[in-house]
Amino acid sequence: MQTLYVELGERRYPIFIGSDLNPQSLLAPYIHGQQVMIVSNETVAPLYLEHYQQSIQALGKTVATCILPDGEKYKNSEHLNLIFDALLQAGFNRDCTVLALGGGVIGDMAGFASACFQRGVYFIQVPTTLLSQVDSSVGGKTGINHPLGKNMIGAFQQPQVVLADMSQLDTLPDRELSAGLSEVIKYALLGDSDFLVWLEQNMDGLVQRDAHLLAEAVYRSCAHKARIVANDEKEQGERALLNLGHTFGHAIESYLGYGEWLHGEAVAVGMIMAADLSHRMGWLSADDVQRTKNIILRANLPAVCPKIPLDQFLSYMSHDKKVLNGQLRLVLMKQLGKAVITKEFDVELMKQAILANQR
Ligand code: NAD
Ligand code: GLY
């Protein structure tokens, strides 16, 4: 098992990464009160709930559960309320812990519920998708969707601890594994050319779910995220780098309708568009763009998106959270492994980069 810490002063917390981790011993120091609400969904609960329930009960804690339907479409206020209902029905108090057992949807919802319930209770993340292990469980962004926008209602709520168990990835569908690899590739492209070389050497093993390689990829990804979050918890600056590929990706997801393409798939094409625009700006070479495409394709991710009318693509991009004072900012690459946030890009070149990477 490897451990790394998100250094946030008094709110510093560990991320435990390994296989067949023991929740009883690892979670014990981080459950402060007597009551634990495990929030999971109808897919993950039959696989892993009993193990966590028994491990925490063995610590002498009271455990209650809230099992939500599975899917991004349930990441809304109506289903958030079900978590509050469960907490109130169980009579839980201000020193209870909400434990998220699932992917990013469950992590975001359970975390937001823990931030709101009695103005804030303890929170633990047990991410069970690769995407949630490398991204959403770390850094404290929690929330729900609103009919008018994704992740528009939320709070920063850091967990007490994150427990990322590679054994749980055995049951993850292939498409979801690849979507997680997209975010892994993101860390390499935005800040670590050595990691990119490592991914090029090990992508086949990662796709075949070699647990040691997956643990190494999760560790290196979380180390990047932890460092960025420690420097810029509330996204005043550097944290926006984590959105490499996301502005283009959100346009793809929004146009196709959420659920049609997975987030990681849309981000993969978005990263190629960002690389292509960086090339057109004279920053990356044609070889760099090809390297970006190659690693994405080897992760079994798409490299082009369906045809989307340009005016609609641009309109969706203009709704991005990185728009400041009406001005779009993009995360582009000065080199592979060195991203920047910039509003200094040529809009015509951006249009070309979008059109060049559609089917
Ligand atoms: P998800 O939570 O929908 O999980 C994907 C699918 O895998 C679901 O059907 C789920 O039930 C299933 N699943 C989960 N673990 C499994 C396992 N071990 N075995 C078998 N099936 C399993 O999707 P996700 O990709 O984990 O997360 C996406 C969500 O995360 C989005 O809502 C996105 O907005 C959010 N997100 C948040 C942050 C953040 O910083 N908070 C960052 C990135 C993404
Ligand atoms: N997923 C982007 C962030 O956490 O900031």
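What you are looking at is a predicted structure, and each value in this text was computed from that prediction instead of being measured. As the structure lists them, so they are numbered: ligands from 1, and atoms in each ligand from 1.
- Among protein heavy atoms, atom 38 (C) of ligand 1 sits closest to Ser136 CB, 3.1 Å.
- Protein residues lining ligand 2, listed by chain and number: Asp135, Lys141, Lys225, Glu235, Arg239, Leu242 [non-hydrogen atoms, distance under 4.0 Å].
- Taking the six-membered ring where tryptophan is involved, the planes of Tyr74 and His79 are perpendicular, since the angle between them exceeds 60° and thus also 30°.
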- Message: Assess the residue pair Arg239 and Glu233 against the criterion (salt bridge (Lys or Arg N to Asp or Glu O under 4.0 Å)); give the C-alpha distance rounded to whole Å, side-chain angles, the decisive distance to 0.1 Å, and a yes or no.
- Response: CA-CA 7 Å; Arg239 186 163 179 171; Glu233 184 184 7; over 6 Å; no
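- Nearest residue to atom 35 (C) of ligand 1 from Asp108, Val138, Leu169 is Asp108 (criterion: closest heavy atom).
- The shell of residues lying under 4.0 angstrom from ligand 1, judged by heavy atoms, includes Lys150.
- Under a hydrophobic clustering in which Ile, Leu, Val, Met, Phe, Trp and Tyr are joined whenever their side-chain heavy atoms come within less than 4.5 Å, directly or via other members, Leu27 and Phe123 fall into different clusters.
- Transitive grouping of hydrophobic side chains (ILVMFWY, heavy atoms separated by less than 4.5 Å) brings Leu256 and Phe248 into a common cluster.
- Side-chain atoms of His279 come within 3.5 Å of backbone atoms of Leu284 as a donor-acceptor pair (strictly under, hydrogens ignored).
- Among all non-hydrogen protein atoms, the one lying nearest atom 6 (C) of ligand 1 is Glu176 OE2, 3.5 Å.
- Of the protein's non-hydrogen atoms, Lys141 O, 2.7 Å is the one closest to atom 41 (N) of ligand 1.
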- Message: Pair Thr128, Gln168 - check side-chain hydrogen bond (donor to acceptor under 3.5 Å, both in side chains), show working.
- Response: CA-CA 6 Å; Thr128 62; Gln168 289 165 351; 5.6 Å; no
- Glu238 and Arg227: CA distance, side-chain angles, deciding distance, salt bridge (Lys or Arg N to Asp or Glu O under 4.0 Å) verdict: CA-CA 10 Å; Glu238 186 187 1; Arg227 185 187 52 73; 3.1 Å; yes
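- Taking each of Gly180, Gly104, Gly143, Ser182 in turn, the one with a heavy atom nearest to atom 30 (O) of ligand 1 proves to be Gly104.
- Looking from atom 14 (C) of ligand 1 to the surrounding protein, the closest heavy atom is Thr129 CG2, 3.2 Å.
- In this structure, Lys75 has a heavy atom closer than 4.0 Å to ligand 1.
- Crowding of His32 atom NE2: a count of heavy atoms from other residues, nucleotides or ligands under 6.0 Å exceeding 12.
- Residue Ile295 forms a side-chain contact (heavy atoms from CB on, under 4.5 Å) with just one option from Val184, Leu199, Leu301, and that option is Leu199.
- Interface atoms of ligand 1 facing Asn41, defined by a heavy-atom separation under 4.0 Å, are 10 (C), 11 (O).
- Under a hydrophobic clustering in which Ile, Leu, Val, Met, Phe, Trp and Tyr are joined whenever their side-chain heavy atoms come within less than 4.5 Å, directly or via other members, Phe16 and Val162 fall into different clusters.
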- Any chance you could lay out the salt bridge (Lys or Arg N to Asp or Glu O under 4.0 Å) test for Asp170 and Arg209, step after step, and finish with the verdict? CA-CA 7 Å; Asp170 289 347; Arg209 301 172 192 244; 5.9 Å; no
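- Residue-ligand proximity, Tyr48 to ligand 1, at heavy-atom distances under 4.0 Å covers atoms 18 (N).
- In this structure a side-chain-to-backbone donor-acceptor pair under 3.5 Å is present from Asp165 to Asp20.
- Protein heavy atom at the shortest distance from atom 31 (C) of ligand 1 is Glu72 OE1, 3.2 Å.
- A side-chain donor-acceptor contact under 3.5 Å links Tyr187 to the backbone of Val134.
- A donor-acceptor contact shorter than 3.5 Å is absent between the side chain of Ser178 and the backbone of Arg175.
- For ligand 1, the atoms lying closer than 4.0 Å to a non-hydrogen atom of Gln168 are 17 (C), 18 (N).
- With hydrogens left out, the protein atom closest to atom 22 (C) of ligand 1 is Leu172 CD1, 3.7 Å, a heavy atom.
- For atom 43 (C) of ligand 1, the closest non-hydrogen atom on the protein side is Asp135 OD2, 3.5 Å.
- Here Val44 has side-chain heavy atoms under 4.0 Å from ligand 1, and that is the only part of it that gets that close.
- Below 4.0 Å from some heavy atom of Leu47 lie the following atoms of ligand 1, by number and element: 19 (N), 20 (C).
- Of the heavy atoms in Lys225, only side-chain atoms (C-beta onward) come closer than 4.0 Å to ligand 1.
- Of all the heavy atoms of Asn151, the ones lying under 4.0 Å from any atom of ligand 1 belong exclusively to the side chain.
- Judged by distance alone, the side chain of Asp108 and the main-chain N or O of Thr142 form no donor-acceptor pair under 3.5 Å.
- Looking from atom 20 (C) of ligand 1 to the surrounding protein, the closest heavy atom is Thr171 O, 3.1 Å.
- Ligand-side atoms of ligand 1 in range of Asp70: 8 (C), 9 (O), 10 (C), 11 (O), range being under 4.0 angstrom from any heavy atom.
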- Going through the checks in order, is the side-chain hydrogen bond (donor to acceptor under 3.5 Å, both in side chains) test met by Asn300 and Asp174? CA-CA 9 Å; Asn300 294 329; Asp174 288 340; over 6 Å; no
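- Among Asn243, Val134, Leu131, the residue whose heavy atom sits closest to atom 28 (C) of ligand 1 is Leu131.
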